[in-house]
Amino acid sequence: MDVVVCLKQVVDPELPVRDFAVDPGTQRQVREGRPLVISTYDENALEVALQLKDASGAKVKVLTLGPAAAVSEAIRLALAMGADEAIVVDDPRAPELSGAEKACTLAAAIRRIGSADLILTGCESADWAERVVAPLLAEDLGAACVTFVSRVEAGDGAPVVRRLVEDGYHLVEVRLPAVLSVTSDESNRPRLPKVKDIMAAKRKPVQTWSPADLTRSSARDPGAGVEVRGVVVPERTSRCEFLTGEPAEQVTALAQRLRDQKLL
Amino acid sequence: MPDILVVATAPDGTLSRSSLELIAGAHAISGPLGLGVTAVLLGTGPGLADAPQALHQHGVARVLRVDHPLLTAGESDAYLRAIEQVARIERPEVVLISADTMGRDLAARLAWRLGAALVTECFELASGDGAVVARRQVYGGRAVATMAVTRRPAVFSMKPRSLDVPAPSPVSGTVEDLAVEMDPGDLPTRVRQVLREQSDVGLEDAQVVIGGGRGMGGPEGFAQLGELASALGGAVGASRPPADSGWVPLSWQVGQTGKTIRPALYVAVGISGATQHVAGVSGSRMIVAINRDPEAPIFSVAHLGIVADFREIVPPLIAKIKELKGL
Ligand SMILES: Cc1cc2nc3c(=O)[nH]c(=O)nc-3n(C[C@H](O)[C@H](O)[C@H](O)COP(=O)(O)OP(=O)(O)OC[C@H]3O[C@@H](n4cnc5c(N)ncnc54)[C@H](O)[C@@H]3O)c2cc1C
Ligand SMILES: Nc1ncnc2c1ncn2[C@@H]1O[C@H](COP(=O)(O)O)[C@@H](O)[C@H]1O
């Protein structure tokens, strides 16, 4: 089975709020001087792919669209975790592209890769969380689509995937080729590479393509006609009243407040 | 008249609440843009007979009904096909879909098929100069992006529990039954099994939610929170680490990736208050935080704070509440 994992590199989403700033020119987060990481759920997607590799010898390629100058660390980590090969589509504008624009380019890259039975993405990117890349890739590639998948059971027949829903899970049978977006659970916690894996990763193939090398499908671009008017950090005023004293006093005070608010 | 098409789903015959929330979004833009509002109701079962009434009750006069045995819970591909066929006949200017489990797939794929503009996961819709102006959270809740959409058609998905269900304003309405063509053999995905996780009160609709975080230390801590929740008649939720570690079901997760909730009371226990968590709870009417770290960011969004080890607070609190309620 050939698996392609789409990885996005983002500014560490768990940085303290004080390190967050919006560039007024691009209306995107300032990246300079901030640590860059693989987008949270993309690591879980890669882990799911690597488990398929461990279980049945799937071949795993990682694909990223981003400024080539900045993505090498993310790619190295993915290769050290166990991916076989990496493809970088070098586009300095990538951080400003809409999900729809990215999906068109990623789909073109996947067509150029040639064989892909399963395409895995994160369930949402850690920065804009549009949740569109997976379903749009599926449309562009004519593949099946299931989102918020935490586990994949690939046997002899069609794979069955575990999809998170409002009140539990659905087990969904899916035809290949398929695009799955992956959410985290206890079964797909990303593995940590060992030192020898980090060394071995240096010898794994990395190809760099330009968007100009890719043939996008003729389909219309759902990103057009959508303008980002502004990205604003909302004012937050702290209003916390602390209930002090011994635990017994704190509990009594809290219960009284809940009564006052008619919550008790 | 060109229309806004509200996608209302009733997989088991009952109209979902998030479908009704979409009507608030439609009403926010229909007047200024000079558009009518039509709802397409999709689902199956005897409940579909009454479901149009609920839509009329909330001010939608024209209801298109698609009752098809394949339109059951989670059958996204069947829903996509049905909505696509309806949209090709109706040619709406704007389509509103709930960004719930199914809707988050449907919105993007429908937009692609219709060649429509697309904005997902919005919490608010408005209009300005002929554009639909949508707002959505970005960067883990650190910022809000405002998107102006001039292209038509346009598809918007609305984050569940962001909009209030509009107050009833009954209109007399019409129901048109539509038939759609679907061959089960054509559907690339099929739900084989539905696994429900126990929870007494639906997290999204509970008036009281007790949220536990990594600070709970394990499933035992959550047993205490369950007791507190039932004393208050509420539900238990969680931050990401407990859900990720299997201490609680994944569907209990609250926040950017998890659910958005707006209860009357949210009690955050052993939760630091990362923006991605706060993104899902900031609409709660009252937030109480119990955390042993006085510097925890959760205190900057809470109304009431208790700096303590939860083990010293939660058990006596349960006892106190039971006492006051005469339980
Ligand atoms: C893309 C993305 C999406 C995300 N989505 C979500 C989401 O949907 N929901 C979500 O919650 N998070 C989400 N996160 C994760 C988020 O950034 C935080 O990592 C997470 O919310 C932290 O959970 P926590 O507060 O339980 O744990 P921690 O940050 O580890 O905090 C634990 C807290 O417990 C306190 N504590 C410890 N022991 C005790 C005790 N005995 N008594 C009282 N207090 C105690 C500590 O002081 C600390 O403040 C997301 C992150 C990313 C990058
Ligand atoms: N620039 C990118 N390069 C590779 N994959 C991406 C890129 N942007 C988004 N993706 C993939 O699409 C997923 C969902 O992104 P989104 O639709 O933006 O929420 C991410 O988790 C990635 O797997």
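So you know, we letter chains A, B, ... as the sequences are listed, proteins then strands, and number each from 1.
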Legend entry - Pair A:E101, A:S98: side-chain N/O donor-acceptor within cut-off below 3.5 Å: yes

Legend entry - chain B contacts, top residue of A:E139, A:E14, A:E227 (heavy-atom pairs, under 4.5 Å): A:E139

Legend entry - Portion of B:R152 that has a non-hydrogen atom of chain A nearer than 4.5 angstrom: neither

Legend entry - Proximal component of A:R239, with respect to chain B [non-hydrogen, under 4.5 Å]: both

Inset, instruction - Examine distances only and state if a side-chain atom of B:Q193 and a backbone atom of A:H170 form a donor-acceptor pair shorter than 3.5 Å. - result: no

Legend entry - chain A contact via B:L106 - which portion, at a heavy-atom distance below 4.5 Å: neither

Legend entry - B:E121 side-chain N/O to A:R131 backbone N/O, donor-acceptor pair under 3.5 Å: no

Inset, instruction - Check whether A:S125 gets within reach of chain B through its side chain, its backbone, both or neither, counting any heavy atom under 4.5 Å. - result: backbone

Legend entry - chain A contact via B:I313 - which portion, at a heavy-atom distance below 4.5 Å: both

Legend entry - Region of A:F148 that comes under 4.5 Å of a non-hydrogen atom in chain B: side chain

Inset, instruction - For atom CG of B:D129, decide whether the heavy atoms of other residues, nucleotides or ligands shown that lie under 6.0 angstrom number more than 12. - result: no

Legend entry - Heavy-atom proximity to chain B below 4.5 Å, by part of A:F242: both

Inset, instruction - Would you check if there is a donor-acceptor pair between the side chains of A:T105 and A:R216 at a distance under 3.5 Å? - result: yes

Inset, instruction - Look at the side chain of B:R104 and the backbone N and O of B:T120, then say whether any donor-acceptor pair between them is shorter than 3.5 Å. - result: no

Inset, instruction - Apply the test side-chain hydrogen bond (donor to acceptor under 3.5 Å, both in side chains) to residues A:Y41 and B:T257: give CA-CA distance (whole Å), side-chain angles for both, the deciding distance (0.1 Å), then the verdict. - result: CA-CA 10 Å; A:Y41 297 106; B:T257 314; 2.7 Å; yes

Inset, instruction - Under 4.5 Å heavy-atom distance to chain A, tell me which part of B:S300 shows up: side chain, backbone, both or neither. - result: both

Legend entry - chain B contact via A:L176 - side chain, backbone, both or neither, heavy atoms under 4.5 Å: neither

Inset, instruction - Using non-hydrogen atoms and a 4.5 Å limit, figure out which bit of A:L254 sits close to chain B: side chain, backbone, both or neither. - result: side chain

Inset, instruction - Name the region of B:M147, side chain, backbone, both or neither, that has any atom closer than 4.5 Å to a heavy atom of chain A. - result: both

Inset, instruction - Tell me, for A:A129 versus chain B, whether the close heavy atoms (under 4.5 Å) come from the side chain, the backbone, both or neither. - result: both

Legend entry - Over all atoms of both residues, closest heavy-atom pair of A:P177 and A:A143: O-CB, 3.4 Å

Inset, instruction - Could you tell me which portion of A:R189 (side chain, backbone, both or neither) has an atom closer than 4.5 angstrom to a non-hydrogen atom of chain B? - result: side chain

Legend entry - Contact winner vs chain B - A:V232, A:N188, A:T244, A:V11, heavy-atom pairs under 4.5 Å: A:V232

Inset, instruction - Heavy-atom distances under 4.5 Å only: say whether B:P316 touches chain A with side chain, backbone, both or neither. - result: both

Legend entry - Among A:K262, A:R163, A:R28, residue most engaged with chain B (heavy-atom pairs, under 4.5 Å): A:R163

Legend entry - Side-chain donor-acceptor pair present, A:E166, B:T101, cut-off under 3.5 Å: yes

Inset, instruction - Heavy-atom pairs under 4.5 Å with chain B are the metric here; pick the option from A:Q27, A:Q261, A:R162 that has the most. - result: A:Q261

Inset, instruction - Could you tell me which portion of A:S187 (side chain, backbone, both or neither) has an atom closer than 4.5 angstrom to a non-hydrogen atom of chain B? - result: neither

Legend entry - Pairs of heavy atoms under 4.5 Å with chain B: top-ranked of A:S238, A:A103, A:A126: A:S238

Inset, instruction - Could you tell me which portion of A:E124 (side chain, backbone, both or neither) has an atom closer than 4.5 angstrom to a non-hydrogen atom of chain B? - result: side chain

Legend entry - Student check: side-chain heavy atoms of B:Q207 and B:P263 closer than 4.5 Å: no

Legend entry - Salt-bridge criterion met for B:R196 and A:D167 (N-O under 4.0 Å): yes

Inset, instruction - Heavy atoms only: give me the nearest B:R292-B:V307 pair and the separation to one decimal. - result: O-CG1, 3.6 Å

Inset, instruction - Of all the heavy-atom pairs spanning A:K8 and A:K102, show the shortest one and how long it is. - result: NZ-NZ, 3.1 Å

Inset, instruction - Could you look at B:R135 and say if it's the side chain, the backbone, both or neither that has a heavy atom under 4.5 Å from chain A? - result: neither

